[in-house]
2 protein chains.
Amino acid sequence: MPIVYFIGAGPGSADLITVRGARLLGQAQVVLFDALADPALRDLAPQAQWVDVGKRGYTDGSALQANINELILQHAAQADVVVRLKGGDPSIFGRLDEELQAVIGAGIACEVVPGVTAAVAAAAGTLRPLTRRGSGRSVSLATAMTRTGDLHATRTADTEIYYMAGKRLGELAQRLIAAGWPGSTPASAVSRAGWPDQQHSEHTLHTLGEASAIHAGRPTVVVVGVGASAVTPPSAASPCAASIPPDARPCGDAPASTPPAV
Amino acid sequence: MPIVYFIGAGPGSADLITVRGARLLGQAQVVLFDALADPALRDLAPQAQWVDVGKRGYTDGSALQANINELILQHAAQADVVVRLKGGDPSIFGRLDEELQAVIGAGIACEVVPGVTAAVAAAAGTLRPLTRRGSGRSVSLATAMTRTGDLHATRTADTEIYYMAGKRLGELAQRLIAAGWPGSTPASAVSRAGWPDQQHSEHTLHTLGEASAIHAGRPTVVVVGVGASAVTPPSAASPCAASIPPDARPCGDAPASTPPAV
């Protein structure tokens, strides 16, 4: 009896997959993967047939999705262990529901292995926790763009993260301000979160539009609100904090991850 | 020069940590861990001194937190590689901001390794994606309980996940209904998400209160809204779907994870 494992590859570098996901890749006969996955993940399943199903970030792609669903079923009819490898976490903006429907509908056993989603990778890579004591109790994850191509923005959580909005950040900022966020609200744009070449830029909503050029052509998540601001020591006058030269990479801020904030 | 790694252990079983987190644990001289971490994680750092800092789920614990911050600094003064191992992901409800403040304030280098947060583990373990095509574009993560012990509930996202609300789910349901959710809204309660003994119960807001007894004494996340309902095949009359006996573990629904829904 075949089994399909839906595995979250994590947001970037291959070593952000879970140990469980890595182990199950080693058992796969077929791996269906998206375009954004780290090629180094192939080393975890050299024995498997790797099939690029070619999904790249946001796409209307209903036809594409139907093809992917069909491919999963076709391979499950011929292989005992099929892995559907998805960027980030399968349950968040991964269209897992559609693939599960197909697999469940066909009566095929499956299992979902969770992963690291881009929002928390961006938080880790910029040392900006999404929740903050006292001021940041709620976090919202959303896609800015609707299927019809409209931009949607809200002010519902202390920290809001928008996936897949890289090209239209000026417009997103306008909508956020219209939704009630002050123009001075901190915003943090992180592209290729979880990759060695992650880039990060700091903004307010007034200047967020500039991030589209900085991160052009790179998958980008935007953090708005409490979780977008840098963590500062209790006392800014702390001699220790003051003693850190800006280029000393305190707290893992790799240069690539922090170009001069705009 | 010492470095402190804040590593997300994932929500449950040791193999839900990332490959990177596992590798860095192998380099640690000291590991400061919370009470909820899987003891099997110790096998990843047998060489290290393991220090239980004793945090268990929700706690006001400001004094406790200050002690943890102090412990991190003390160990960083004596060891080159200190790991602060946190359940789930460090950036979500992990009080990472307070520990980062202490470490940054002391001028100590650090890095954050993201992890799998309980919400996505619950989604994976119950095959209920948090986002759904067309109907589920936004996800909110929140703690139901404020520091003052009040319960807080909203209706701001298509799918809302509440952490650490296990004891007062009846009251939470009332507040959700007061916030505008219909009493018939699906709610899914998952305790010990990501563990072999994960338990799952299905409810509406009208019956969510019953989940407190079902999951008593176990860390529980509650999913409300679109993401709380089971994924159903396009045609319920699908002969394949119909052919799955309830106990055949289709799609990885381990018996332990699905006691008779309430």
Side-chain angles (χ1 to χ4, degrees), chain A residues 10 15-20 22-23 89-98 100-101 103-107 109-117 120-121 123-124 127 129-133 137-143 146 154 156-157 231-235 238 240-241 243-244 249-252, chain B residues 10 15-20 22-23 89-98 100-101 103-107 109-117 120-121 123-124 127 129-133 137-143 146 154 156-157 231-235 238 240-241 243-244 249-252:
Chain A
D15 66 351
L16 288 178
I17 194 172
T18 62
V19 170
R20 182 182 299 176
R23 188 185 77 243
D89 174 78
S91 299
I92 295 185
F93 307 127
R95 302 187 72 163
L96 174 63
D97 53 325
E98 297 167 64
L100 273 180
Q101 278 184 348
V103 170
I104 294 172
C110 65
E111 201 169 300
V112 179
V113 178
V116 172
T117 190
V120 297
L127 299 172
L130 299 179
T131 59
R132 306 289 176 100
R133 181 181 186 186
R137 269 188 54 261
S138 60
V139 177
S140 120
L141 311 175
T143 52
T146 65
T154 61
T156 58
V231 169
T232 51
S235 157
S238 153
C240 301
S243 74
I244 313 171
R249 301 198 44 203
C251 298
Chain B
D15 66 351
L16 288 178
I17 194 172
T18 62
V19 170
R20 182 181 300 176
R23 189 187 74 243
D89 173 77
S91 299
I92 296 184
F93 307 128
R95 303 187 74 163
L96 174 63
D97 53 325
E98 297 167 65
L100 273 180
Q101 279 184 349
V103 170
I104 293 173
C110 65
E111 202 169 299
V112 179
V113 178
V116 172
T117 189
V120 297
L127 299 172
L130 299 178
T131 59
R132 307 288 175 100
R133 181 181 185 186
R137 268 188 53 260
S138 59
V139 176
S140 119
L141 312 175
T143 51
T146 64
T154 61
T156 59
V231 169
T232 51
S235 159
S238 154
C240 301
S243 74
I244 313 171
R249 302 199 43 203
C251 298

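Below, read A as the first sequence line, B as the second, and so on, with proteins coming before strands; counting in each chain starts at 1. Values below: all heavy atoms of this structure, side chains included; hydrogens, waters and symmetry mates excluded.
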> Determine the minimum heavy-atom distance between B:Val103 and B:Ala109, stating which atoms define it.
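Nearest pair, atom of B:Val103 first, then B:Ala109: CG1-O, 4.4 Å.
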
> Kindly indicate whether the side chain of A:Thr131, heavy atoms from C-beta on, has any atom under 4.5 Å from the side chain of B:Ser91.
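SC-SC contact between A:Thr131 and B:Ser91 ruled out.
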
> In terms of heavy-atom proximity below 4.5 Å to chain B, should A:Ala157 be classed as side chain, backbone, both, or neither?
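The answer is neither part of A:Ala157.
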
> Sort out for me which of A:Leu96, A:Val120, A:Val113 touches chain B most, counting heavy-atom pairs under 4.5 Å.
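The option with the most such pairs is A:Val120.
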
> Most heavy-atom pairs under 4.5 angstrom with chain B, which of A:Val19, A:Asp15, A:Thr18?
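With the most close heavy-atom pairs to chain B, the winner is A:Asp15.
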
> Between chain A and each of B:Thr156, B:Ile17, B:Asp97, count heavy-atom pairs under 4.5 Å; write down the option with the most.
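Heavy-atom pair counts peak at B:Asp97.
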
> Is there side-chain contact between B:Val116 and B:Asp89, with heavy atoms separated by less than 4.5 Å?
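With C-beta onward as the side chain, the pair stays apart.
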
> Locate the shortest heavy-atom distance separating B:Val231 from B:Pro129; write the atom from each residue and the value.
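For B:Val231 and B:Pro129, the tightest heavy-atom pair comes out as CG2-CD, 3.5 Å.
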
